[in-house]
A.B. asks: 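Once you've had a glance at the structure underneath, I'll fire off some questions.
Computed from a prediction, not measured in an experiment: that's the story for all the values here. Atoms within a ligand are numbered from 1 in the order they appear, just like the ligands themselves. The chain is numbered in sequence order, starting from 1.
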Amino acid sequence: MIQLSGVEKVYNPRKPTEVYALRDVNLEISSGDFVAITGPSGSGKSTLLHILAGLDTATSGKYFFRGRDVSAMSDGEKCQLRNKKIAIILQSFGLIGTESALNNVVLPHIIGGTYNRKIDQKARQVLEQVGLGSAIKKPVNQLSGGQRQRVAIARALTMNVEVLLADEPTGALDQQNAESLVRLLTELNQNGLTVVIVTHNMAIAEKCPIAYALNDGRLSRTR
Ligand code: ADP
Ligand code: MG
């Protein structure tokens with residue numbers, strides 16, 4: 001499903017502030033995989049997820065999604081990829097605090113002009129599924145970190161994507177909430193969603209069938 005070969009990412013090339021964030025990254029992810037990526041702060045984890053999501057492009061190397069060359073896609077095509085195939089949950093969630101959980105979930109459809117009754121029903125059903133049934137109408141800034149994380153996941157699921165990328169989804173959660181989030185992701189994975197999570201939490205990485213480590217921009221498989 002996903003294939004990266006020889007991917008490099010250089011920020012500020014040939015300037016004094018040049019940073020090699022990714023070096024010769026090779027990665028294959030099959031449909032239905034549950035993958036953890038670990039690594040110290042600054043090792044390139046977010047950069048890698050942003051490239052997988054089509055939010056950023058590699059400086060060199062190739063990225064294929066279902067055989068299509070993402071590096072050659074136009075901005076519009078990459079936007080389609082993000083809307084239809086791959087969802088990314090950013091470290092900062094990207095939610096609007098003053099709007100309800102439900103409104104945050106349906107917002108991409110309102111913006112994209114695809115909002116209708118069916119989407120509203122689906123959003124409510126997905127919010128129930130992630131355990132937010134009682135918080136549907138609450139403004140997001142009145143929800144806990146764990147609940148906000150679930151709103152972000154519900155929004156991704158309402159888009160019917162094939163792949164969910166999550167950047168340190170348990171970073172702001174206590175152990176109990178972190179474990180319950182991982183149970184939810186595992187359940188979604190068992191229902192066919194491909195899941196890639198970046199995490200500092202080794203206990204969580206150990207629960208994932210496939211694991212990689214990033215060190216100074218170099219990716220290696222650890223399980
Ligand atoms: P991680 O998510 O593992 O903490 P990042 O992918 O955010 O790592 O960053 C990898 C390296 O790239 C770091 O040295 C970081 O400072 C640098 N970096 C990330 N984003 C940018 C940017 N937009 N401009 C310049 N350097 C960046
Ligand atoms: Mg990061």
A.B. asks: How far is atom 7 (O) of ligand 1 from its nearest protein heavy atom, and which residue and atom is that?
C.D. replies: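 It is Ser46 CB, 3.8 Å.
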A.B. asks: Any salt bridge between Asp69 and Lys62, counting N to O under 4.0 Å?
C.D. replies: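 So Asp69 pairs with Lys62 through a salt bridge.
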A.B. asks: Do me a favour and list the nearest non-hydrogen protein atom to atom 4 (O) of ligand 1 with residue, atom name and distance?
C.D. replies: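 The protein heavy atom lying closest is Gly42 N, 2.7 Å.
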A.B. asks: Tell me: protein heavy atom nearest atom 23 (N) of ligand 1, and distance?
C.D. replies: Tyr11 CE2, 3.7 Å
A.B. asks: Is a salt bridge present between Arg23 and Glu8, judged by a nitrogen-to-oxygen distance below 4.0 Å?
C.D. replies: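 Not counted as a salt bridge, because no side-chain N and carboxylate O are separated by less than 4.0 Å.
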A.B. asks: Please check atom 13 (C) of ligand 1 for a protein heavy-atom neighbour under 4.0 Å.
C.D. replies: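 Yes, there is a protein heavy atom closer to it than 4.0 Å.
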A.B. asks: For Pro40, take its heavy atoms, then give the atoms of ligand 1 lying under 4.0 Å from any of them.
C.D. replies: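 Near Pro40, meaning under 4.0 Å from one of its heavy atoms, ligand 1 has 3 (O).
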A.B. asks: Check this for me, if you would: do Arg68 and Glu77 make a salt bridge, where the nitrogen-to-carboxylate-oxygen distance has to be below 4.0 angstrom?
C.D. replies: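 Yes, this pair counts.
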A.B. asks: Testing Arg117, Lys122, Arg124 for side chain to side chain donor-acceptor pair (under 3.5 Å) with Asp120, which one passes?
C.D. replies: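 When side chain to side chain donor-acceptor pair (under 3.5 Å) is applied between Asp120 and each of Arg117, Lys122, Arg124, only Arg124 qualifies.
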A.B. asks: Distance to 0.1 Å, residue and atom name: give those for the protein heavy atom nearest to atom 6 (O) of ligand 1.
C.D. replies: Thr47 OG1, 2.5 Å
A.B. asks: Is the distance from the Mg ion (ligand 2) to the nearest N/O/S atom of Ser41 under 2.8 Å?
C.D. replies: no
A.B. asks: Among all protein heavy atoms in this structure, tell me which lies nearest to atom 8 (O) of ligand 1, with the distance rounded to 0.1 Å.
C.D. replies: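 Here the nearest protein heavy atom works out to Gly44 N, 3.2 Å.
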A.B. asks: Test of understanding: with salt bridge (charged side-chain N to carboxylate O under 4.0 Å, His left out), list the residues that count as partners of Glu187, not counting sequence neighbours.
C.D. replies: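 So Glu187 forms no salt bridge (charged side-chain N to carboxylate O under 4.0 Å, His left out) with any residue.
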A.B. asks: Is the shortest side-chain N to carboxylate O distance from Asp56 to Lys9 below 4.0 Å?
C.D. replies: yes
A.B. asks: With respect to Lys45, determine whether any N or O atom, backbone or side chain, lies less than 3.5 Å from an N or O atom of ligand 1.
C.D. replies: yes
A.B. asks: What's the spacing between Lys138 NZ and Ser100 OG if we round to 0.5 Å?
C.D. replies: 12.0 Å
A.B. asks: Quick check: closest heavy atoms across Val7 and Ala58, and the distance to 0.1 Å?
C.D. replies: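 Looking at all heavy atoms of both residues, the closest pair is CG1-CB, 3.7 Å.
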A.B. asks: For ligand 1, indicate whether the residue Val19 contacts it via side chain, backbone, both or neither (heavy-atom separation under 4.0 Å).
C.D. replies: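 It is the side chain that touches ligand 1; the backbone stays farther off.
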A.B. asks: Check if Ser41 has a non-hydrogen atom at a distance under 4.0 Å from any atom of ligand 1.
C.D. replies: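 Checking ligand 1 against Ser41, which is what was asked, there is a heavy-atom contact under 4.0 Å.
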